[in-house]
Colleague: 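Below you will find the structure I want to go over with you.
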Amino acid sequence: MSFSSSTASRVFRGCRALLAPAKPAAAAAAGGADAAAAAAKASKAAAKPKPKKAASGGGGGEASPKAPSRPSGIQKVTPVSPALARFLNAGEASRVQAVKQIWAYIKREGLQDSINKREINCDERLKTLFEGREKVGFLEIGKLLSRHFVKTS
């Protein structure tokens, strides 16, 4: 079975190295070092990232330095309810900080259910946060904490 040149070029999509006729063994050995050096230069040139053009928005031509972003969403520090403030020993916290500290408390006190690891057995301190419930699923913690974060506008 033989391929025509058009079939081969379609399959290999014009890759010159694959479509070029084979070199004799002596020529390949002599030019092997030069070919390897040329291939290395070509790959380095292709690997270099091209400099990005500045966005034209103000006419200055220079990209303005990116302003530091303020935390938002679950990382935004907000005031908390008195019950959560007593638990965290802080008047305000982010949701991430609060959940981390609650999980650290659960692990430290061994409150995770030994059979069903997805449940937390609440002690008196956690009952004040979780509406007096005996057991809480670990996916419910975020929902139950939402009422402890004071809305600010």
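Quick caveat: nothing in here was measured; it's all calculated off a predicted structure.
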Colleague: Restricting to pairs with a member in residues 72-116, which pass ring pair (Phe, Tyr, Trp, His ring centres under 6.0 Å), not counting sequence neighbours?
Modeller: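 Every ring pair (Phe, Tyr, Trp, His ring centres under 6.0 Å) pair that includes a residue of residues 72-116, provided the two are not neighbours, is Phe87-Tyr105.
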
Colleague: Report the distance from atom OG1 of Thr128 to atom CZ of Arg86, rounding to the nearest 0.5 Å.
Modeller: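 It comes to 7.0 Å.
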
Colleague: Quick check on the hydrophobic clustering: are Val96 and Leu139 connected, directly or via other members, by side-chain heavy-atom contacts under 4.5 Å?
Modeller: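 Val96 and Leu139: separate clusters.
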
Colleague: Do you know the tightest heavy-atom contact between Ala85 and Gly91?
Modeller: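 Nearest heavy atoms, Ala85 then Gly91: CB-CA, 4.3 Å.
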
Colleague: Would you say that Val80 contacts Leu145 through its side chain, given a criterion of any heavy-atom pair below 4.5 Å between the two side chains?
Modeller: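 They are not in contact (no side-chain heavy atoms under 4.5 Å apart), so the answer is no.
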
Colleague: What closest approach, in Å, do Gly137 and Ile120 show between heavy atoms, and which atom pair accounts for it?
Modeller: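 Closest heavy-atom pair between Gly137 and Ile120: C-CD1, 4.4 Å.
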
Colleague: Sequence neighbours left out, what pairs pass ring pair (Phe, Tyr, Trp, His ring centres under 6.0 Å) with at least one residue falling in residues 116-150?
Modeller: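 Of all non-adjacent pairs touching residues 116-150, none passes ring pair (Phe, Tyr, Trp, His ring centres under 6.0 Å).
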
Colleague: Among residues at least two apart in sequence or on other chains, which ones pass salt bridge (Lys or Arg N to Asp or Glu O under 4.0 Å) with Arg125?
Modeller: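 Not a single residue meets the salt bridge (Lys or Arg N to Asp or Glu O under 4.0 Å) criterion with Arg125.
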
Colleague: Would a 4.5 Å heavy-atom cut-off, applied to side chains only, mark Lys76 and Ser94 as touching?
Modeller: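 The answer is no, as the side chains (C-beta and beyond) never meet within the 4.5 Å cut-off.
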
Colleague: Do Cys122 and Lys127 pass the side chain to side chain contact (heavy atoms under 4.5 Å, CB included) test, and can you show the C-alpha distance, the side-chain angles, and the key distance before you say yes or no?
Modeller: CA-CA 6 Å; Cys122 297; Lys127 283 181 185 178; 3.9 Å; yes

Colleague: What I'd like to find out is whether the side chain of Arg147 reaches to under 4.5 Å of the side chain of Glu131, using heavy atoms alone.
Modeller: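 Of all side-chain heavy-atom pairs linking Glu131 with Arg147, at least one is under 4.5 Å.
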
Colleague: Please collect all salt bridge (Lys or Arg N to Asp or Glu O under 4.0 Å) contacts where either partner lies in residues 91-117, sequence neighbours excluded, each pair once.
Modeller: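 Qualifying pairs: Asp113-Lys135.
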
Colleague: Check whether any side-chain N or O of Glu119 sits under 3.5 Å from a backbone N or O of Asn116 as a donor-acceptor pair, and report yes or no.
Modeller: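 Checked: no pair found.
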
Colleague: In chain order, what residues pass the salt bridge (Lys or Arg N to Asp or Glu O under 4.0 Å) check against Lys143, with sequence neighbours excluded?
Modeller: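 Listed in chain order: nothing, the list is empty.
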
Colleague: Would you please name every residue forming a side chain to side chain contact (heavy atoms under 4.5 Å, CB included) with Glu140, sequence neighbours left out?
Modeller: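 Checked Glu140 against side chain to side chain contact (heavy atoms under 4.5 Å, CB included); matches are Arg133, Val136, Leu144.
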
Colleague: Please tell me if the side chains of Ile141 and Leu129 come closer than 4.5 Å, counting only heavy atoms from C-beta onward.
Modeller: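 No - every pair of side-chain heavy atoms lies 4.5 Å or more apart.
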
